[in-house]
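Here the structure is laid out as structure tokens; the discussion comes afterwards.
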Amino acid sequence: MHDPALVKAPLGREISYPDAYDASLLFPIDRSTNRAALSLPESWYGADIWNAYEVSWLTPKGKPVVALARFIFPQNSPRLVESKSFKLYLNSFSEERFDSTNTVRTIMQADLSLAAGADVNIELNPLSQPPALEYGSMEGINIDDTDIEISTYEPTPGLLQCLPAGKNISETLVSDLLKSNCPVTGQPDWGSVQVRYTGLQIDRDALLRYIVSLRRHTEFHEHCVEKMYCDIWQACKPTSLFVYARYTRRGGLDINPWRSSEPAHVSHARTARQ
């Protein structure tokens, strides 16, 4: 457990589900603790995109509304929100009556922005008016089929390297072999990762070995993406870099962080495992 404050988090403890709306359930975690161990770039961009599939509340007449939600936390917010506390918070709406979807959205936006320390963008869509959902593999060249031997399952940035005779190129590489573990419960977190860069050509085998080296690493999703970004940035020194991970759902939530050296548009398409 990297952050001593996590001993107070609801994650990994038996908690009763709330029967009334309660914003105090949210458990913020300072990003600075994890970032202190990283070689951060002078400037970067990004966001943590959460998709929620178990959102519900009651109309003034007591009829349930069920909805899908997307929450976008800015990368520069001083705090992230621990996932189990987020789930408990969302479930605290389920027995409460609200006059409209917009009322629920406004409350959530105020609570989450306060917890994160920056404005959180929220899309809230009742299933009676479902949003258009995209599905597909992450765009790029999948590097998983290479026949290589791997024996390192702890984070090893030294594995990363550029091709000795490589040229400056722009390419997008993808792997579905990302796995890390919750720093509190030890439960596995499975994901796909997309690396887009411009610079000396990265050794794809080395990149895959590095991604797999996170297999026994214990860190939150957001922290893992920041680690990957910083390690690639330091090892390969690209002129531009974009790292985006889409993790599988746990507890009705999936988390999809991205970090980039420049402003970027990201696809919200769900992968086959999401």
Side-chain angles (χ1 to χ4, degrees), residues 1-3 5-18 25-29 31 34 46-56 66-73 79-94 108 112 115-116 120 122-125 127 133-138 153 155 175-194 211-212 214-228 243-259 266-274:
M1 189 179 299
H2 298 274
D3 188 342
L6 291 181
V7 297
K8 298 179 182 179
L11 193 62
R13 295 193 290 129
E14 187 173 338
I15 301 289
S16 298
Y17 271 81
L25 290 166
L26 292 168
F27 189 85
I29 297 171
R31 296 186 189 269
N34 179 73
D48 305 326
I49 304 166
W50 297 64
N51 294 309
Y53 304 91
E54 299 175 5
V55 182
S56 184
V66 291
L68 298 177
R70 177 175 293 144
F71 307 92
I72 302 180
F73 292 76
R79 297 177 294 275
L80 55 86
V81 174
E82 184 270 312
S83 60
K84 185 172 181 178
S85 78
F86 200 169
K87 179 182 179 180
L88 292 168
Y89 166 76
L90 292 177
N91 274 276
S92 79
F93 284 81
S94 65
M108 289 181 175
L112 292 169
V120 176
I122 298 177
E123 299 172 25
L124 191 59
N125 298 287
L127 290 186
L133 298 178
E134 298 177 84
Y135 297 85
S137 300
M138 300 189 86
Y153 304 106
S175 173
D176 297 311
L177 304 187
L178 177 63
K179 174 188 173 287
S180 54
N181 303 285
C182 172
V184 178
T185 65
Q187 290 181 318
D189 294 318
W190 307 92
S192 299
V193 60
Q194 180 186 64
I211 292 169
V212 174
L214 298 175
R215 196 169 181 83
R216 296 174 185 165
H217 186 49
T218 56
E219 204 81 87
F220 290 125
H221 304 67
E222 302 91 334
H223 295 165
C224 283
V225 170
E226 293 191 345
K227 178 174 179 56
M228 286 189 283
V243 177
Y244 183 21
R246 294 194 64 89
Y247 282 90
T248 58
R249 193 182 315 177
R250 190 136 61 81
L253 295 166
D254 64 47
I255 309 173
N256 311 278
W258 65 272
R259 300 292 182 267
V266 301
S267 169
H268 294 298
R270 296 191 286 177
T271 67
R273 291 187 292 175
Q274 292 183 302

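Looking at every heavy atom in both residues, Pro183 comes nearest to Thr218 through CA-CB, 3.9 Å. Smallest separation of non-hydrogen atoms from Glu219 and Ser180: O-OG, 4.3 Å. Taking each heavy atom of Glu54 and Gly251 in turn, the nearest pair found is OE1-O, 4.0 Å. Shortest non-hydrogen contact noted between Leu253 and Ala52 is CD2-CB, 3.6 Å. Nearest heavy atom pair, residue Lys227 against residue His217, reads CD-NE2, 3.9 Å. For the pair Gly252 and Arg249, the tightest heavy-atom approach, listed with the atom from each and the gap, is C-CG, 3.9 Å.
Under the 4.5 Å side-chain criterion, counting only non-hydrogen atoms from C-beta, Met228 is in contact with Leu178. By the 4.5 Å heavy-atom criterion applied to side chains, Phe73 and Leu80 are not counted as neighbours. Between Val55 and Leu68, every side-chain heavy-atom pair lies at or beyond the 4.5 Å cut-off. Taking 4.5 Å as the limit, every side-chain heavy atom of Asp254 sits out of range of all side-chain heavy atoms of Arg273. In this structure the side chain of Leu133 reaches within 4.5 angstrom of the side chain of Arg270, judged on heavy atoms. Side-chain contact check for Phe220 versus Asp48: every heavy-atom pair is 4.5 Å or farther apart. A heavy-atom distance below 4.5 Å is not found between the side chains of Trp258 and Val225. Looking at Val193 and Met138, their side chains never come closer than 4.5 Å, going by heavy atoms from C-beta outward.
Aromatic ring orientation, Tyr247 versus His221: perpendicular (interplanar angle above 60°, classes split at 30° and 60°). Relative ring orientation between Phe86 and Tyr89 is described as tilted, the plane-to-plane angle lying within the 30° to 60° band.
Checked by atom type and distance alone, the side chain of Arg79 pairs as donor or acceptor with a backbone atom of Ala115 at under 3.5 Å. Here the side chain of Thr185 pairs no donor or acceptor atom with the backbone of Cys182 at under 3.5 angstrom.
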Run Asp176 and Ser192 through side chain to side chain donor-acceptor pair (under 3.5 Å) and show every step you take. CA-CA 4 Å; Asp176 297 311; Ser192 299; 2.6 Å; yes
Would you check, one step at a time, whether the test side chain to side chain contact (heavy atoms under 4.5 Å, CB included) holds for Arg250 with Trp190? CA-CA 10 Å; Arg250 190 136 61 81; Trp190 307 92; over 6 Å; no
Please step through side chain to side chain donor-acceptor pair (under 3.5 Å) for the pair Asn256 and Gln274, ending with a clear verdict. CA-CA 11 Å; Asn256 311 278; Gln274 292 183 302; 2.9 Å; yes
May I have the step-by-step check of side chain to side chain contact (heavy atoms under 4.5 Å, CB included) for Asn125 and Arg70, ending in yes or no? CA-CA 9 Å; Asn125 298 287; Arg70 177 175 293 144; over 6 Å; no
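Residue Arg259 holds its CZ atom at 11.5 Å from OH of Tyr244, rounded to the nearest 0.5 Å. Taking OG1 of Thr248 as the reference point, atom CG of Asp189 lies at 7.0 Å (rounded to 0.5 Å). Summarising the geometry, atom CZ belonging to Phe71 is positioned 6.5 Å from atom CG belonging to Leu124; distances are rounded to the nearest 0.5 Å. A distance of 7.5 Å separates OG in Ser85 from CD1 in Ile29, rounded to the nearest 0.5 Å. Distance check: Cys224 SG to Asn181 CG gives 8.5 Å after rounding to the nearest 0.5 Å. Atom CD of Gln194 is separated from atom OG of Ser137 by 11.0 Å, given to the nearest 0.5 angstrom.
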